[in-house]
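Shown next, in structure tokens, is the structure this report addresses.
These numbers were taken from a predicted model, which means no experiment stands behind them.
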Amino acid sequence: MDIKIIIIGSILVILCILPLVFAGRGRKNKDKKLVQSLFDFANQNNCSITEHEICGDVLIGVDEPNSYLFFMKQINQEVVTKPLNLKEYQTCKVKNTSRGVNNTSVIEKLELVFFPKDKTKKEVALEFFNSDHSIQIVDELHSIEKWCNRVNVLMG
């Protein structure tokens, strides 16, 4: 009788754990493909990625020696890509678009905005988070601040 309970319990535990294992593997494979696409994107621009990060549906990387930033964001089934020559920009800042709801601030959009050295050119905004596309913010705020500081050092 005890052996039957142990077997049934073991089977139930395995059935509960298997979906988590498969989900983890699926995410890991997806991340590998995204990173490879970032490296391929950099190679197309005669650069190589020296540092990168995945944050939600955003993939960002930098080629330090060539002062290039590569940005990729997946929105639904479409992938938006943007290479930036950091030598053409003087600084970047985090733009946090929020609205007030019941005495609390709700983030609607997070962008990393680049200000060009040439005043005749427009600013470039890289969207890390948009409440129209994502339900909740995860690590985007921490990530965008980290990359803003990192990029400003490279442009410095």
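With hydrogens and angles disregarded, no donor-acceptor distance shorter than 3.5 Å links the side chain of D57 to the backbone of K73. One N or O on the side chain of N85 and one on the backbone of K87 form a donor-acceptor pair closer than 3.5 Å. Looking only at distances, no side-chain donor or acceptor of S143 sits under 3.5 Å from a matching main-chain atom of E140. Checking side-chain atoms of T50 against main-chain N and O of E64 turns up a donor-acceptor pair under 3.5 Å. Checked by atom type and distance alone, the side chain of N66 never pairs as donor or acceptor with a backbone atom of Y68 at under 3.5 Å.
Contact annotation: the side chain of E53 approaches that of W147 to within less than 4.5 Å [non-hydrogen atoms, C-beta and beyond]. For the pair I49/V62, no side-chain contact is recorded, criterion being any heavy-atom separation below 4.5 Å from C-beta on. Side-chain contact between Y89 and V124 is present, with heavy atoms from C-beta onward closer than 4.5 Å. Between L69 and P83 there is no side-chain heavy-atom pair separated by less than 4.5 Å.
Counting heavy atoms of neighbouring residues, nucleotides and ligands inside a 6.0 Å radius, atom NZ of K93 does not exceed 12 of them. Counting non-hydrogen atoms of neighbouring residues, nucleotides and ligands closer than 6.0 angstrom, the NZ atom of K146 exceeds 12 such neighbours.
Using the six-membered ring where Trp is involved, F71 and F128 have ring planes that are tilted, between 30° and 60° apart.
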Problem - Worked verdict on F70 versus H52 for ring pair (Phe, Tyr, Trp, His ring centres under 6.0 Å) - result: CA-CA 9 Å; F70 296 93; H52 69 278; over 10 Å; no

